[in-house]
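Heads up: the structure comes next, in structure tokens.
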Amino acid sequence: MSIAKTYNPKEAEDKWYSYWMENGFFRSTPDEREPYTIVMPPPNVTGVLHMGHMLNNTIQDVLIRRARMQGKNACWVPGTDHASIATEAKVVAMLKEQGIDKKSLSREDFLKHAWEWKEKYGGIILKQLEKLGASCDWERTKFTMDADLSESVIDTFIKFYKEGYIYRGVRMVNWDPQGKTALSDEEVIRREVNQKLYYIRYNIKDSNEFIIIATTRPETIMADAAICINPSDERYTHLKGKTVIIPLINREIPIIEDEYVDIEFGTGCLKVTPAHDLNDYALGQKHNLEIIDLLNDDGTLNAHAQILVGEDRFIARKKIAKLLEEVDQIEKIEDYKSQVGFSERTDAAIEPKLSMQWWCKMDKLAQPALDYVVSGEVNLIPDKFTSSYKHWMENVKDWCISRQLWWGQRIPAWYNEKNEWVVAKTESEAITEFESQGKVSSNIRQEEDVLDTWFSSGLWPMSVFDGVRNPENEEFNYYYPTNDLVTAPEILFFWVARMMIMGHEYTGKAPFKNVYLTGIVRDKLGRKMSKSLGNSPDPIELMAQYGTDGVRVGMLLSSPAGNDLMFDVSYCEQGRNFANKIWNAFRLVKGWETANTPANEAQKTAAKWFESKFNATLIEIEDHFNHYRLSDALMSTYKLVWDDFCAWYLELVKPAYQAPIEMETFEVVKGFFKRILTLVHPFMPFLSEELWHDELFGERDVKDCIIVAEYPKGGNIDQKIIKEFTFVQQIISEVRNIRNTKQISPKIALPLAINATEIDFTNYQESIIKLANIEQLTFVQEKVAGAVSFLAGKEECYVALEENIDVDAERERITKEIDYLKGFLFSVDKKLSNERFVQNAKPEIIQNEQNKKADAESKMKILAESLASLS
RNA sequence: GGAGAAUUAGCUCAGCUGGUUCAGAGCAUCUGCCUUACAAGCAGAGGGUCACUGGUUCGAACCCAGUAUUCUCCACCA
């Protein structure tokens, strides 16, 4: 036999992926079938495949392949996200390496470089997804900055503006001094940081007294507008209405009073710096304080600081502290831990900064998106995310949507010479608009800022089908709303919520029905896998090592929805072994010669059993899929294949060495095998396709591929056979166990006698003889003396060994079993004799207890007789 | 500081509205096997005071309260 002993994934993978592509199996066009749509969460163009993508896209591929096989019109839309900040940062870094400073470039030239970069590297991650076997419709591949998608974004901005959701205003924003752009709250990650708390003395004007404030940011004292105390703080009553002098620069500022100040914290005195702190800003507004912004966009001190101009904020902090010490204005310095915000994209410490930005009003927009989830129109899976989603949506704040970047959709607002502005799609429309408002319309210029990336991602499920610009188009009406969204919980608010908001605004419908939130892939130590930690295996290498199917199985086996997954390569090993198991089952069947003899009863019964077992498992699998328990669905499949099919069914029908198999049985086996392959296909697409095309399973047309083969449908389940067969299995196991404990070689056939009282073993006896290696199977009505006995159900079985049995050991074993049953019966009796139990418990439960009792009693009777016959 | 979740075999997890089994699976472990598909395998076995303490109930891994530990999300305390 020339078939390899192990499955070789490499060949099969390349071969079948290009075969599927060539024959257009991933392609989707609207027709009469039921649609099944998934839009891929677009990875960043800057990205390379990591374990998270791997998990995510494996899940999507399993869902889409299964739907395709179920005869649905499966459409999986791939694409990438322009990720403005991350990409712009990357391009800036690349230019820097070439000695080009971004500042020296015009917007147009910079964008030219950026697009070049995108063309060169933007497709890498999608190519990697092909390796994973992703069966997306590549002809639909979209990029969030494609012309049509960008236009959708601009149209949406204008629509939202006209509807009054978008406004422009000066607010405190999260400023990223490295990316030099504003960020939304969601793009800021807070981390606890070890800091110093500086206690600084401010002298009271015309007095020898001073007041001490505590701050972590001494570099901002030059921007102080006031000192604030709590009005009910008796320590400072005498200072009310006085003014203090800011150290080093000697500017005079008032002492104000506000309940906001916590008397307990620090010194109970607060310096108010409206330009550099969110709360201070609010206080400043309330008390009408001057706003002094002493920072440049890059985080260095500007002229307003008066001293240390041009120094970076962190260097300035240390220097100021030193200067203050020199003039003896520092009372003390304490170690202190506090939360500091960092930019999600650049990891720079966020600076609260006052600036003019574009905003999207969220309260009204959020309501329907909240309702979708609360009403269950959109399911979050697992359900536990619903509460945090609710909490977030009920407390949304306005969304800062402008970014001071070039890479992205430029905001369609226009300014005239007087800095008046209008919102319009084109320059000429803007001119018209200015004129209609009776304003100057010459020399107008477009807003420099671009929109937040998530503004375009929010449109993704619609814009990929051109549903924003052209809502009546056939594709959009057919494929939208989509069915399932598979994504990471981290972007539930960033993205998922905003898709619902935008979907609702345009269509009045949620963009999807189910949101499957995957867990985070962690290493064995529970740390998130990341490039920076270096604890993540390279998925491409994993696939090379274990085969794509093996890795897919490995990922899925351990990832219940929403639970983090502690990844370990041993899972991939298990996946690879499973692939190999199937491969070898194929090798077995492939090697059989056939004979034109009819199947015997044992084989027919085995087939009936497996048929029933298959159908029962199918129901189980369906149920798992319906609840998005993919790992359980896979495990059920795994056991069906490994245990039921290979370990039992194939062993039952396997012909003796070099003997042929009956044609009839051969056909049945092949039929089962094919159905197993279809069941396995969504998880292991390559192996299943490879085997599907083997001549063993007959001639195939070009398009007769498993990827579009019919997914198994349910069928008859013979509960009686399933039940009887469990006893057969038990008998076989018991005999094997006896062999094992008595150190008898499996080659030595043993005699077995069964006292059958309930089951008709006619159709099973051959199977028992074969799998338990029985020399002679007899049916008896009475005890067999001197034999080892065991119970299978109520059937007592005897194995007579050549050597004399160890009577004491047997007695002990039986006594132990009787003792167990006694205890068991005792507890059942206790229940049944409890009046309250009999009164309160449901009838079927009482019946059950009675059955248990009867069962245990008859077993005990048999055992007692055995015990008696021993002596 | 607020909210949510988790805690079941060495590991990763099931256990659906409390009532078939003094709790199941996969992996790992142990024992015996290179048995003519597969040692990436076969056969068999062992392994758990269901975090802790109380409570509700005829009955609790499951419900309630508290404690401990862990995780996640949210929040402006200088």
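Chain naming here is simple, since letters A, B, ... match the order of the sequence lines and numbering starts at 1 in each. A quick note: this is a predicted structure, and the numbers were derived from the prediction, not measured.
Residues satisfying the side chain to side chain donor-acceptor pair (under 3.5 Å) test with A:K794, not counting sequence neighbours, are A:D855. For the salt bridge (charged side-chain N to carboxylate O under 4.0 Å, His left out) test, residues two or more places apart in sequence or in another chain that qualify with A:D224 are A:K271. Here A:D398 pairs with nothing under the salt bridge (charged side-chain N to carboxylate O under 4.0 Å, His left out) rule; sequence neighbours left out. Not a single side chain to side chain donor-acceptor pair (under 3.5 Å) links A:K10 to another residue, sequence neighbours left out. In terms of the side chain to side chain donor-acceptor pair (under 3.5 Å) criterion, residue partners of A:E490 (sequence neighbours excluded) are, by chain and number, A:K528. Applying the salt bridge (charged side-chain N to carboxylate O under 4.0 Å, His left out) rule to A:D185 yields no partners; only residues at least two apart in sequence or on another chain are considered.
Put simply, the side chain of A:D233 never gets that close to the backbone of A:I229: no donor and acceptor are under 3.5 Å apart. Looking at A:N395, its side chain does come within 3.5 Å of a backbone N or O of A:H391 through a donor-acceptor pair.
Here A:F578 lies out of heavy-atom contact (under 4.0 Å) with every strand. Heavy atoms of A:Y638 sit under 4.0 angstrom from primed sugar atoms or phosphate atoms, though from no base atom.
Rounded to whole Å, atom P of B:U36 lies 14 Å from atom CG of A:N773. Note: CG (A:D632) to C1' (B:A14) measures 6 Å, nearest angstrom. For the pair A:F645 CZ and B:G41 C1', the computed distance is 17 Å after rounding to whole Å. Atom C1' of nucleotide B:A39 and atom CZ of A:R576 are separated by 12 Å, given to the nearest angstrom. Rounded to a whole Å, the CG atom of A:L825 is 14 Å from the C1' atom of B:U21. The interatomic distance linking A:Q658 (CD) with B:A37 (C1') rounds to 15 Å, in whole Å. Atom pair A:K747:NZ and B:U35:P shows a separation of 7 Å (rounding to whole Å applied). Taking atom NZ on A:K723 and atom C1' on B:U20, their separation rounds to 12 Å, with Å as the unit.
For RNA chain B, runs of at least 3 consecutive pairs of the Watson-Crick or G-U wobble type, with both hydrogen-bonding distances under 3.5 angstrom, map to B:1-7 with B:68-74, B:10-13 with B:24-27, B:29-33 with B:41-45, B:51-55 with B:63-67.
A donor-acceptor pair shorter than 3.5 Å can be found between the side chains of A:Q847 and A:N851. Counted by atom type alone, A:E573 and A:S570 present zero donor-acceptor pairs between their side chains at under 3.5 Å.
When each of A:I845 and A:S387 is assigned the nucleotide of RNA chain B with its nearest heavy atom, A:S387 is the one assigned upstream, toward the 5' end.
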With the criterion being N/O to N/O and under 3.5 Å, what pairs connect the protein with nucleotides 42-45 of chain B, and how long is each?
unit_1	atom_1	unit_2	atom_2	d
B:C42	OP1	A:K581	NZ	2.6
B:C42	OP1	A:W642	NE1	2.8
B:A43	O3'	A:R736	NH1	3.3
B:G44	OP1	A:S733	OG	3.0
B:G44	O4'	A:N740	ND2	3.1
B:G44	O2'	A:N737	OD1	3.2

What are the atom names and distances for every N/O pair under 3.5 Å that joins the protein to nucleotides 58-61 of chain B?
unit_1	atom_1	unit_2	atom_2	d
B:C58	OP1	A:R836	NH1	3.0
B:C58	OP2	A:R836	NH1	3.2
B:C58	O2'	A:N834	ND2	2.8

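Of the P atoms belonging to B:G66 and B:G44, the separation is 49 Å, rounded to the nearest Å. B:A43 and B:A14 have their P atoms separated by 28 Å, with the value rounded to a whole Å. Comparing B:C11 with B:G18, their P atoms sit 30 Å apart, to the nearest whole Å. Atom name P, nucleotides B:A23 and B:A28: the rounded distance is 25 Å, in whole Å. B:A3 and B:U21 have their P atoms separated by 39 Å, with the value rounded to a whole Å. Taking atom P on both nucleotides, B:A5 is separated from B:A65 by 11 Å, rounded to a whole Å. Annotation: B:U35 and B:G41 have their C1' atoms spaced 11 Å apart (nearest Å). Atom name P, nucleotides B:C34 and B:A39: the rounded distance is 13 Å, in whole Å.
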Would you mind writing out the side-chain donor-acceptor pairs for residues 650-657 of chain A within the sub-3.5 Å range, not counting sequence neighbours?
unit_1	atom_1	unit_2	atom_2	d
A:E651	OE1	A:K654	NZ	3.4

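Distance from the side chain of A:N580 is smallest for B:C38 among the nucleotides B:A25, B:U12, B:C38.
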Going 5' to 3' along nucleotides 71-78 of chain B, which nucleotides have protein heavy atoms under 4.0 Å from the base (write B), which only from the sugar-phosphate (write S), and which from neither (write -)?
---SBBBB
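Ion pair A:D623/A:R629 flagged as a salt bridge, since at least one NZ, NE, NH1 or NH2 atom sits closer than 4.0 Å to an Asp/Glu carboxylate oxygen. Residues A:E334 and A:K332 are paired through a salt bridge, judged by an N-O separation under 4.0 Å between the basic side chain and the carboxylate. For A:K853 and A:D829, the salt-bridge test passes: some basic side-chain N is under 4.0 Å from an acidic carboxylate O. Taking the charged nitrogens against the carboxylate oxygens, A:E351 and A:R313 do have a contact shorter than 4.0 Å, which makes a salt bridge.
Not one side-chain nitrogen or oxygen of A:K390 sits closer than 4.0 Å to the OP1 or OP2 atom of B:A3. Residue A:K639 has no polar side-chain atom (N or O) positioned under 4.0 Å from OP1 or OP2 of B:G26. Residue A:Y820 has a polar side-chain atom (N or O) positioned under 4.0 Å from OP1 or OP2 of B:C22.
For residues 834-847 of chain A, the set of pairs meeting the salt bridge (Lys or Arg N to Asp or Glu O under 4.0 Å) definition, not counting sequence neighbours, is empty.
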